[in-house]
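Shown next, in structure tokens, is the structure this report addresses.
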Amino acid sequence: MSNFDSPRRSVAFIGSECHPFVKTGGLGDVMYALPRELVNLNCDVRVILPRYECIPAKYQEKMVYRGEFYMDLGHTGRNVYIGIMEYIEDGVVYDFIDNQEFFSGAKPYTNLVDDIPKYCLFGKAALAVLNYLDWIPDIIHCHDWQAGLIPLYLRTTFATTPVARAKSVITIHNLRFQGIYNIPTIKYWSGLPDFLFDGSILKQGQDDANMFKGGLAYADRITTVSNTYAQEIQTAEYGENLDGHLRYHNTKLRGIVNGIDYGMWDPATDKALTVNYDISNVLEKKPEAKIALQQELGLAVDPGKYVIGLISRLTDQKGLDLVNAVIPELMDGNTQIVVLGTGDKVYEDSFRAYETAYPGQFAACIQYDEARAHRIYAGADSLLVPSRFEPCGLTQLNAMHYGTVPIVRETGGLKDTVEPYNQYYLSGNGFTFDRYDAGLLLGAINRSKTFYFEDRYHWDEMVQRNMAKDVSWENSAKQYKDLYLELTQW
Ligand code: ADP
């Protein structure tokens, strides 16, 4: 059956970031890649985003004005300007909501004082834009807390308008961030009816409202980005205080693992790389990519060294306290470590200190640099992802696709995508450990090292197995399409 035999559905994707316009993490990748894949599955997709001032000029210049209107904003008594700027690429329409007062600044997110009003406005404006454009989708697909109020607006403020025909889906990319603020503030900016602020929908604790919680209660379906995370968030350990709420709503919850965009991530054509390769020549080219990386970062140039990469937001979520604890034991003269990331000062400083302590062996790149990230995926032998929790994780997928061996903690999407190496069956993609414990991380890294130095033949087989593994969006996008069809059976 060709993809176009599957019934056509229209979907509005609504979220707060999207590559290449604005990205701080995995959500930006998904908002870029999944709509493209859905277009191939006979979906008509519009992506609705804030027109942040920080979107690079080269995209701003290509946006085309589609209209404007004024919208009342919560209980502020104000009518605010909503402009629509459009940008079309590869069959996907991007509609940017323009309001200079709310979307100014050098970064998409600042602090909750500013972000709560920003996303109260954004959610309402997104639905108003669909009505204004007279483009009523079958499905409204909301992403993370910033779009959390949309399922509520849809069934209250907009209940008697055309857009209410749509079904809503909300995807949890990261439950840690929920958009929690005191009830009067969220009432003031959203204008949502009082009954929603009771205990089972928006209310949290005594005085607060939780935008994500409300969206999860009112959406027709909830998805999250891996099966394991879908189970984990129903437990107290991973539920971020919403485990009870999610258990209550679990009949509408399912996990669909993320993929990566093969157009953006392909070592054979990747323009960021100095050495391109594919599965047929990876074994001879990857050492060249490693040498290029060592030269770029001022490491001792020697393809015989074992190079471990880490590409990550430097926050507690990512297991960096474990990494910090084991570094001195890894620096044995045969191993090099490359860290790329920004975030908490304590980690930035400790990685810089390691660079000073181990010159030529440890590189701390405290920056956000997409091109360098690509060269690390290509040049490293293995990549660390020892997260405390990880809804899906994309870096382990990028790594495998570039012939690099992931070393991960068995949580969330890491557990679902990295099969541990089995020396009897000669199967698996990487090295894993279960409990959140520095000793277990060290053990996993040491197993990988022993394997690399003592059994290169089978290591190389794993490199090729990883490159051959299907980590594309194709299968996952089909699961989203099936979900949309389930919700719209006519
Ligand atoms: P999260 O969304 O929690 O940050 P993911 O693993 O889902 O983690 O996605 C991270 C994405 O951001 C990957 O595409 C990764 O390559 C990229 N990334 C993370 N840190 C950096 C950095 N410092 N420079 C460039 N890219 C980065």
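The first residue of the sequence shown is numbered 1, and numbering continues consecutively from there. Counting starts at 1 for both ligands and their atoms, following the listed order.
Considering only non-hydrogen protein atoms, atom 21 (C) of ligand 1 sits nearest to Y368 CE1, 3.5 Å. With hydrogens left out, the protein atom closest to atom 11 (C) of ligand 1 is D29 OD2, 3.7 Å, a heavy atom. For atom 24 (N) of ligand 1, the nearest non-hydrogen atom of the protein is D369 N, 3.0 Å. For atom 19 (C) of ligand 1, the nearest non-hydrogen atom of the protein is I311 CG2, 4.0 Å.
A donor-acceptor contact under 3.5 angstrom links the side chains of Y368 and E370, judged on distance only. With 3.5 Å as the limit, one finds a donor-acceptor pair spanning the side chains of D115 and T110. A donor-acceptor contact under 3.5 angstrom links the side chains of Y109 and E17, judged on distance only. For the residue pair K124 / S190, no side-chain donor-acceptor distance below 3.5 Å is found, with atom types taken as modelled.
Against a heavy-atom cut-off of under 4.0 Å, T395 is close to the following atoms of ligand 1: 6 (O), 15 (C). Atoms of ligand 1 lying under 4.0 Å from any heavy atom of N398, numbered from 1 in the order shown and given with element: 14 (O), 16 (O). Counting the atoms of ligand 1 from 1 in the order shown, those under 4.0 Å from a heavy atom of G25 are 2 (O), 4 (O). When each atom of ligand 1 is checked for a heavy atom of A373 under 4.0 Å away, the hits are 25 (C), 26 (N).
Remark: ligand 1 and R313 share an N or O pair separated by less than 3.5 Å (distance only, no angle test). On a distance-only criterion, T342 and ligand 1 share no N/O pair closer than 3.5 Å. Checked by distance only, ligand 1 and L394 come closer than 3.5 Å through their nitrogen or oxygen atoms. Residue Y377 places at least one N or O, backbone or side chain, under 3.5 Å from an N or O of ligand 1. At under 3.5 Å, a nitrogen or oxygen of G26, whether backbone or side chain, sits near a nitrogen or oxygen of ligand 1. For ligand 1, one of its N or O atoms has an N or O atom of Q367 under 3.5 Å away.
Of the options R221, Q479, H141, a side chain to side chain contact (heavy atoms under 4.5 Å, CB included) to Y484 is made by H141 and by none of the others.
In this structure, G341 is part of the shell of residues with a heavy atom less than 4.0 angstrom from ligand 1. The shell of residues lying under 4.0 angstrom from ligand 1, judged by heavy atoms, excludes Q396.
A 4.5 Å side-chain heavy-atom check between M467 and V282 finds at least one atom pair inside the cut-off. Between V257 and N227 the shortest side-chain heavy-atom distance does not fall below 4.5 Å.
Between Y52 and F96, the gap from one ring centroid to the other reaches at least 6.0 Å. Here Y306 and Y452 bring their ring centres to under 6.0 angstrom of each other. Separation of the F212 and F177 ring centroids does not fall under the 6.0 Å cut-off.
Under the 30°/60° scheme for interplanar angles, the aromatic rings of Y262 and H401 are found to lie parallel.
The residue from H173, K318, R176 that puts a heavy atom closest to atom 1 (P) of ligand 1 is K318.
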